[in-house]
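Following: one structure in structure tokens, then a few remarks.
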Amino acid sequence: MPPTTATPPDPNVNTALPQMKPGHAAVVGLQWGDEGKGKVVDLFTRHFDVVARYNGGANAGHSVEVGDKRYALHLIPSGILHAEKLNVLGNGVVVDPEQVVKEITGLREQGLTIGDNFLISERAHVVLPYHKAQDQLQEAAYVVPNALDQSVEGIGTTGRGIGPCYADKALRSTAVRVADLLDFDALQHQLHRIVPIKNATLAALAHYAGEEFTPFEVDALLAWLTPLADQLTPHIADTGALLHERIDAGQRVLFEGANATLLDIDHGTYPYVTSSNCSSLGVHPGTGVAGHHVPNVIGIVKAYQTRVGGGPMPTELHDEVGDRIREVGREFGTTTGRPRRCGWLDLVALKYTARISGATGLAIMLLDVLAGLYELKVCTAYEIDGKTTERFPATPGALGKAKPKLETLPGFAEPVDTARRWDELPEHARGYLGFIEGFVGVPVVMASVGPRRDQTIVR
Ligand code: GDP
Ligand code: IMO
Ligand code: MG
């Protein structure tokens, strides 16, 4: 049976790709996540042959809205709505087998085709239930009061086992890779070594945190894993080799980032980050495709700032404007349902992340959410210890002290959700976008004025 696309072409959708160089492209978040990467990947996919996720795991939540249908993707790439395209989870992804199977089942129920159009790297790492337990216990243990600190803030992870799985990847002896799911005899031996170590570690953490802990049993883990591995086996492949074959054959690859550049383990707001290179720098280790192949990096940016979890956020608003943005922008996490912290657009942070990720174009999302605000503010510098700086600080201490210098721009009263062309945007909306590109030094190539595919303006 030929693959079917769940969504027939819609004449109202602007299917043009923003101007970019020939060749491959990456879609990367430039803030603290949830910028709308899923929507952009879905829109771009028709121009590419392969969509490849390079980092993260089920901590990500990418929503794609088509008509009245909403698809929530955590691990499956956002190109999956186009059944004829290949969707790949690269080696840099941490794969929760239960979540992938759940997602495949749910998406099939929503009418999508998932078969040999979805592949998982045999080199990717597997998130197991003890990783999730460790994630939660580690957070609980970290915030236990002591003689010096009665209260501290945890990382505020999604609890999806991401950090512990990447930590095991780095430790090696306690890691399980996707390829290991193909040899259950060897896996059984491996788990008999790993699980006692995990139980010892987790029991100590639980004891310290004052939490309950039931040790994991190898037989139960294997019984749980067997049907999942059976379902995933047809999707497991050497995706690095396949990507290169496709590239050599002249096909075009779209790399999908999860999480975002301010959450990058090396360049983000450490330690309040995730455990992978979510900037575009992660494309290469996370898929095995070298840097010179990817001349286009589209940086995805909300028209304002949001953050979920702990860590400093200089432009956070604790007033009715922040509440309004949260309400109008439906700023509640796709993965955990947590309310997102909201604030004015932080251009100091954006200029920094655009540089780290090498953005060649910006897509400004959720512009519609700002409609009706009398004035708009953007942060163009920080004041730290009485000194003004445009440099993004490296430590949470410095960023926590940063007072935003806000520039006020005129707002736009009119709704913009029906605009489909640049010149249909109100003058002050265009002025706002122009200010962003002028400050950051990267062109705005796209504006999004609503969650649906058709609510998109390609410049
Ligand atoms: P991602 O993690 O970067 O893929 O972003 P999420 O899907 O977690 O969060 C973005 C949310 O904003 C989703 O609910 C999208 O459907 C929605 N969205 C995307 N673009 C727009 C837009 O231009 N306007 C509005 N109002 N919502 C949008
Ligand atoms: P998408 O792809 C928003 C945040 C968590 C937490 C920190 C560490 O949907 O944009 P982790 O579970 O990764 O150890 O959590 O990172 N975080 C995200 N915030 N969007 C995401 O992904 C995120 N992925 C991780 O809230 O603060
Ligand atoms: Mg998200």
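Worth saying up front: this structure is predicted, and the values here are computed from it rather than measured. Counting starts at 1 for both ligands and their atoms, following the listed order.
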Do the charged groups of Arg326 and Glu331 touch, with an N to O distance under 4.0 Å?
no
Polar atom proximity, Glu35 to ligand 2 (N or O, under 3.5 Å):
no
Among all protein heavy atoms in this structure, tell me which lies nearest to atom 27 (O) of ligand 2, with the distance rounded to 0.1 Å.
Val308 O, 3.0 Å
So, 4.0 Å and heavy atoms of Ala258: is ligand 2 close enough to count as a contact?
yes
Any non-hydrogen atom of Gly29 lying under 4.0 Å from ligand 2?
no
Identity and separation of the nearest protein heavy atom to atom 12 (O) of ligand 2
Thr158 OG1, 2.6 Å
In this structure, does ligand 2 have an atom that sits under 4.0 Å from one of the heavy atoms of Arg307?
no
Which protein heavy atom lies closest to atom 26 (N) of ligand 1, and at what distance to 0.1 Å?
Asp368 OD2, 2.8 Å
Under 4.0 Å, heavy atoms only, figure out whether ligand 1 is touched by the backbone of Arg70, its side chain, both or neither.
side chain
Does even one non-hydrogen atom of Gly450 get within less than 4.0 Å of ligand 1?
yes
Assess whether a salt bridge exists between Glu65 and Arg452, defined as any Lys/Arg side-chain N lying under 4.0 Å from an Asp/Glu carboxylate O.
no
Between atom CG of Leu86 and atom CG of Asp49, what is the distance when rounded to the nearest 0.5 Å?
9.5 Å
Where the closest heavy atom to atom 4 (C) of ligand 2 is concerned, which of Leu263, Thr269, Asn259, Val273 has it?
Leu263
Look up atom 11 (C) of ligand 1 and tell me if a protein heavy atom lies less than 4.0 Å from it?
no
Does only the side chain of His62 get under 4.0 Å from ligand 2, or the backbone, or both, or neither? Count heavy atoms.
side chain
So is Arg338 touching ligand 2 or not, going by heavy atoms under 4.0 Å?
yes
Would you call the rings of Phe216 and Phe213 parallel, tilted or perpendicular if under 30° counts as parallel and over 60° as perpendicular?
tilted
Report, in ascending order of atom number, the atoms of ligand 2 lying under 4.0 Å from any heavy atom of Lys37.
1 (P), 2 (O), 10 (O)
Taking only heavy atoms of His62 into account, list the atoms of ligand 1 that are under 4.0 Å away from them.
1 (P), 2 (O), 4 (O), 7 (O)
Of the protein's non-hydrogen atoms, which lies at the shortest distance from atom 9 (O) of ligand 1, and what is that distance?
Asp34 O, 3.6 Å
Do you know how many protein N, O or S atoms are within a distance smaller than 2.8 Å of the Mg ion (ligand 3)?
2
For Glu437, is there an ion pair with Arg459 - N to carboxylate O distance below 4.0 angstrom?
yes
Between Trp224 and Glu98, does any side-chain donor sit less than 3.5 Å from a side-chain acceptor?
yes
Distance alone, cut at 3.5 Å: any donor-acceptor contact between the side chains of Asp266 and Asn277?
yes
Please confirm whether Ser275 comes under 4.0 Å of ligand 2, counting heavy atoms of the residue only.
no
Give a yes/no on ligand 1: does Gly61 have at least one heavy atom closer than 4.0 angstrom to it?
yes
For atom 13 (C) of ligand 1, which protein heavy atom lies nearest, and how many Å away is it?
Ser63 OG, 3.4 Å
Can you pull out the closest protein heavy atom to atom 23 (O) of ligand 1? Residue, atom name and distance to 0.1 Å, please.
Ser448 OG, 2.5 Å
Ligand-residue contact atoms, ligand 1 with Val449, heavy atoms, under 4.0 Å:
23 (O)
Do NZ/NE/NH1/NH2 and the carboxylate oxygens of Glu424 and Arg421 come within less than 4.0 Å?
yes
I need the contact type for Val64 against ligand 1. Using non-hydrogen atoms and a strict under-4.0 Å cut-off, is it side chain, backbone, both or neither?
neither
At a 4.0 Å threshold, what atoms of ligand 2 neighbour a non-hydrogen atom of Gly309?
27 (O)
If you count the atoms of ligand 2 from 1 in the order shown, which ones are under 4.0 Å from a heavy atom of Ala60?
1 (P), 2 (O), 9 (O), 22 (O)
Taking atom types as modelled, is there a side-chain donor on His24 or Asn296 under 3.5 Å from an acceptor on the other?
no
Should Arg340 be listed as contacting ligand 1, given a heavy-atom distance under 4.0 Å as the test?
yes
Residue portion contacting ligand 2 (non-hydrogen atoms closer than 4.0 Å) for Trp32:
backbone
Show the atoms of ligand 1 that are less than 4.0 angstrom away from any heavy atom in Gly38.
4 (O)
Which of the numbered atoms in ligand 2 are under 4.0 angstrom from any heavy atom belonging to Gly156?
5 (C), 6 (C), 26 (O), 27 (O)
Distance under 4.0 Å to a non-hydrogen atom of Ile155: what atoms of ligand 2 satisfy this?
27 (O)
The atoms of ligand 1 lying under 4.0 Å from a heavy atom of Lys39, numbered in the order shown, are 20 (N)
Can you find an N/O atom of Asp34 closer than 3.5 Å to an N/O atom of ligand 2?
yes
Which ligand 1 atoms, with their elements, are less than 4.0 angstrom from a heavy-atom of Glu35?
3 (O), 5 (O)
